[in-house]
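Below you'll find the structure, written out as structure tokens, and then a few comments.
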Amino acid sequence: ELIATHLAQEGIEIIHSVRDNNSAKDDNPSALAHEGWTKEVVNIVSACGGEYGCVVDVTGRGPFNWQTSVFSKCTSEASCLEQNRMYTHRTTGLYRQSGSTLPNPHWAPSPFRRTVRVVVVDPKRELRVISTVSYTSISGVTRNVEVSTVLYNWFPYLEMP
């Protein structure tokens, strides 16, 4: 349960980092701008919004910024089950979520599956991020750990009365 909680928190931190990168790149000089916080580099609402959310591989991050290729949108519950498996490195104990480029025999499937979902509360100001990790316990029961947070736009347009 402890590992599942940490993996769920990592899902939140990834979206948080993307929001930070998007905000830093949002340099539109218009006074009504600063709406790029969700889409300037990676459109996190398109990538992880919707009923099924997305899968995020933290090891796919570029040297300077997040890339769209890091995110795999889940289009159905079945597509999520095919994509959301976590893998662990047998020597280092690190986790990742992409099985497509794993050099065997170092990476092995773990019992954990992670999905991250973004819900728009206010498109100019507020997003809710929900990260869920599921695993099968020793007793054979499927357990879920869910962590959520609210992210805000650092530079929202504030309407004056």
Is it true that a side-chain atom of S110 and a backbone atom of M86 form a donor plus acceptor pair closer than 3.5 Å? yes
Side-chain touch K39/I44, heavy atoms, less than 4.5 angstrom: no
Contact between T75 and Y52 at the side-chain level, heavy atoms closer than 4.5 Å - yes or no? no
Is there a continuous path of hydrophobic side-chain contacts, each under 4.5 Å between heavy atoms, that joins I15 to V120? yes
What I'd like to find out is whether the side chain of S131 reaches to under 4.5 Å of the side chain of I12, using heavy atoms alone. yes
Should V70 and L151 be regarded as members of a common hydrophobic cluster, given that ILVMFWY residues are connected when their side-chain heavy atoms come within less than 4.5 Å of each other, either directly or indirectly? yes
Show your working on side chain to side chain contact (heavy atoms under 4.5 Å, CB included) between E1 and T5 and close with a plain yes or no. CA-CA 6 Å; E1 189 172 334; T5 302; 4.3 Å; yes
Please list all pairs meeting salt bridge (Lys or Arg N to Asp or Glu O under 4.0 Å) that have one or both residues in residues 110-123, counting only residues at least two apart or in different chains. E10-R114, D122-R125
For T149, all residues meeting side-chain hydrogen bond (donor to acceptor under 3.5 Å, both in side chains), sequence neighbours excluded: none
Going from CZ on R96 to OH on Y87, what distance comes out if it is rounded to the nearest 0.5 angstrom? 9.5 Å
Would you name the heavy atoms of V45 and V118 that are closest together and state the gap between them? CG2-CG1, 4.4 Å
Donor-acceptor pair, distance only, cut-off 3.5 Å: does the side chain of Q97 make one with the backbone of N84? yes
Looking at N22 and N43, would you say the former's side chain and the latter's main chain have a donor-acceptor pair under 3.5 Å? no
Measure from the side-chain N and O atoms of Q83 to the backbone N and O of S79, and report whether any donor-acceptor pair falls under 3.5 Å. yes
Is the shortest heavy-atom distance from the side chain of T88 to the side chain of L94 under 4.5 Å? no
Any chance the side chains of T132 and N144 put a donor and an acceptor closer than 3.5 Å? no
Within a strict 4.5 Å, meaning less than it, do heavy atoms of the F112 and I3 side chains meet? yes
For C54 and C74, is the interatomic SG distance under 2.5 angstrom? no
Minimum heavy-atom separation for A8 to V147, with atom names? CB-CG2, 3.7 Å
Let's go through V121 and V150 carefully: what are the C-alpha distance in whole Å and the side-chain angles of both, what is the deciding distance for side chain to side chain contact (heavy atoms under 4.5 Å, CB included) to 0.1 Å, and is it a yes or a no? CA-CA 9 Å; V121 177; V150 175; 5.8 Å; no
Hydrophobic clustering (ILVMFWY, side-chain heavy atoms < 4.5 Å, transitive) - are V55 and V129 grouped together? no
Main-chain N/O of K124 paired with N153 side-chain donor or acceptor, under 3.5 Å: yes
Looking only at heavy atoms, which two atoms of G50 and K73 are closest? And how far apart? N-NZ, 4.2 Å
Would you check if the side chain of S137 reaches a backbone N or O of V141 as a donor-acceptor pair within less than 3.5 Å? yes
Hydrophobic cluster membership, with links at side-chain heavy-atom distances under 4.5 Å among I/L/V/M/F/W/Y: are V42 and V56 in one? yes
Rounded distance [0.5 Å steps], CD1 in I14 versus NE2 in H16: 13.0 Å
Under the salt bridge (Lys or Arg N to Asp or Glu O under 4.0 Å) test, which residues partner R19, sequence neighbours left out? none
Classify the ring geometry of H89 against W107: parallel below 30°, tilted from 30° to 60°, perpendicular beyond 60°. perpendicular
Cluster question for you: counting only ILVMFWY and a side-chain heavy-atom cut-off of under 4.5 Å, with indirect links fine, are V116 and V119 together? no
